[in-house]
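To start, the structure itself, in C-alpha cells.
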Number of protein chains: 2
Amino acid sequence: MGSTERRERQRAEVRAAILRMARDMVVREGFEALTMRKLAEAIEYSPAAIYLHFENRDAIARALCLQGFEELLARLEPATREPVAARRLRALADAYVGFGLEQPETYRLLFMTDPKYTTDIFRSAEDAGGQTFQVLVRLVQDLQAQGAVSTSLAPLPLAEVLWAGLHGVVSLKLTCPIFPASSTDTLVETFTALCARIPTTP
Amino acid sequence: MGSTERRERQRAEVRAAILRMARDMVVREGFEALTMRKLAEAIEYSPAAIYLHFENRDAIARALCLQGFEELLARLEPATREPVAARRLRALADAYVGFGLEQPETYRLLFMTDPKYTTDIFRSAEDAGGQTFQVLVRLVQDLQAQGAVSTSLAPLPLAEVLWAGLHGVVSLKLTCPIFPASSTDTLVETFTALCARIPTTP
DNA sequence: GTCTATAGGCTGATAGAC
DNA sequence: GTCTATCAGCCTATAGAC
C-alpha cells in the first residue's frame, strides 16, 4: 500500500509549486505584490488551497527567506576558498553585491522589508545567518594575521562593519538608483581598499 | 480688503495641519500605515478635503521627505563646523546614525522605501541631497589633506562609500535588531577607525 | 471649501459544500 | 483536498450636494 506515500508526494509537490511560483512572483514584482489570490491563480488553485500548505502569507515569506539566504550562501561559497585574505575580501564583496543587484527583490525581502524576516535568518543561529557571519569573522582574522587590517580593532565588530558596508552599497544602489554616481565596481573597489590595505610582502 | 490674504492663510494652515499630522503618523506607525482616511479623520476633515491640498498620497510622501531631509541636514550641521577632519568624521557619523535610530520611520521613508522618493531627494540637486553630499566630499578632501586617508583613492567614490557605510549601519540596525551584536557606538567607532587613521602629528 | 456618498477596486482569511 | 462563496475589512480617488 504505497498510497500514503503517493499522497505525501503529491502534497509535497503542491507545496513546492506554491513556493516556486511565489519565488517567481517576488523576483519579478517584489514581495508586496505577492498576494494569496494572485498566487493561487498562478498555480491554478483556489486561494483556500494555499492555506492547507502554509498557515498564512508570513509563513510563505519565511520559507522564501530561508531559500533566498541559501542562494546567497551558495553564491558566496566559491569566494570563501580563496586563501589570500585580501583577495578573498574582494571576491566575497563582489559576490555579495552581485547577488543583491541581480536579485534585487529577493535582497529586499531578506534584508530590507520586515525586521521579523531578517531577524529569523539570524536567530536560526548555526545555519543561514550564523554561517555567513562566520565566513566574515574568519576573513577578518586572516586579514589581521596577514597584516592587512590593524589588530587593534576587534574582529567581531569589524566583521559586522564589513557586512554593514556591503549592505549599505547594495541597499543604496537599490533604493536610490541615481545617488552613488560611481559604478558598483568602483564602490566595491574603494570600500575594500579602505577596509584592508594590501600587505607589503617583506 | 484683506479677505484674500485671510483665505490664503487659512489654506496654508490646513495644509500645514495635514503635513504635521502626516508626519506624526509616519513617525509613530510608519509610512505604510499612513492612509488618506486615517489622516483625514485625525485632522477632523473628510478624505476629500485632503485632495484639495495634495494631488495624492505620493505628493504627501514627497513633502514629508523634503521635510525629513531638512531635519537630517540640520542635525548634521553642528558637526560640519569641527575643523579637525578626523574628529569631524566621527561627529558627522554620530549625528547621522543618531538621526536614523531616533527617527527610524522617517529614515525608512527617506532611504528605504520607494526609489522614487529617495531619487527625488538627490535630483533636486543643489538643495537637500547635494548639500549633504558636498559635506562628505569636503570631509574626505580634508581627511586626505590631513593625512588620515590615502590620497590614492578618489574623493568622490570615497564620500559615497562613507555614506553607504553609515547607511548600512543604520539600516541593518533598523531591519535586523539582533544582528549586529555590537553596540551602535562600537560599530561607528570601528567604521570611522577603518575609514581614517588618526594622523601622526609630525 | 467642505461635505456625504460611493465607485471600484484591492486584501487575508475562513465556512461549508462536494 | 479542493472548491465556491463570502466575510470583514482595507484602500485611493472622485462626483455632486451644500
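Residue numbering restarts at 1 for every chain, and letters A, B, ... go by the order of the sequence lines.
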request  = Have a look at A/Ala49 and say if it touches a base, only the backbone sugar-phosphate, or nothing, with a 4.0 Å heavy-atom cut-off.
outcome  = sugar-phosphate

task = Look at the side chain of A/Arg7 and decide which nucleotide, out of D/dT4, D/dG1, D/dT12, has an atom nearest to it.
result = D/dG1

request  = Between B/Glu8 and B/Arg37, name the one whose nearest nucleotide on DNA chain C is closer to the 5' end.
outcome  = B/Glu8

ask   = For the pair made of CZ in A/Phe54 and P in C/dG12, what is the distance, rounded to whole Å?
value = 15 Å

ask   = Nearest to the side chain of B/Ala48 - C/dT2, D/dT2, C/dC3?
value = C/dC3

message = Angle between ring planes, B/Phe122 versus B/Phe111, binned at 30° and 60°: parallel, tilted or perpendicular?
response = tilted

query = Rounded to whole angstrom units, what separation is found between the CD1 atom of B/Ile50 and the C1' atom of D/dC11?
reply = 13 Å

request  = Ignoring the backbone of A/Tyr45, work out which of D/dT2, D/dT12, C/dT11 is nearest its side chain.
outcome  = D/dT2

request  = Rounded off to whole Å, could you give me the OH-to-C1' distance for the B/Tyr51 and C/dG1 pair?
outcome  = 17 Å

Nucleotide nearest B/Val14 (side chain, heavy atoms from C-beta), chosen from C/dT2, D/dT14, C/dT11 = C/dT2

query = When you measure from the side chain of A/Arg57, which nucleotide among C/dT2, D/dG1, C/dA13 comes out closest?
reply = C/dA13

key: Expected output: side-chain B/Thr119 to main-chain A/Cys176 donor-acceptor under 3.5 Å   = no

inquiry  = Nearest to the side chain of A/Thr35, heavy atoms from C-beta on, is which of C/dT11, C/dG1, D/dA15?
reply    = C/dT11

ask   = Is any NZ, NE, NH1 or NH2 atom of the basic residue among A/Arg90 and A/Asp94 found under 4.0 Å from an Asp or Glu carboxylate oxygen of the other?
value = yes

query = What about B/Arg11: does its side chain form a donor-acceptor pair under 3.5 Å with the base of C/dG1?
reply = no

ask   = Should A/Leu187 and A/Leu172 be marked as a side chain to side chain contact (heavy atoms under 4.5 Å, CB included) after you check the CA-CA gap, both sets of side-chain angles, and the distance that decides it?
value = CA-CA 11 Å; A/Leu187 292 177; A/Leu172 258 196; over 6 Å; no

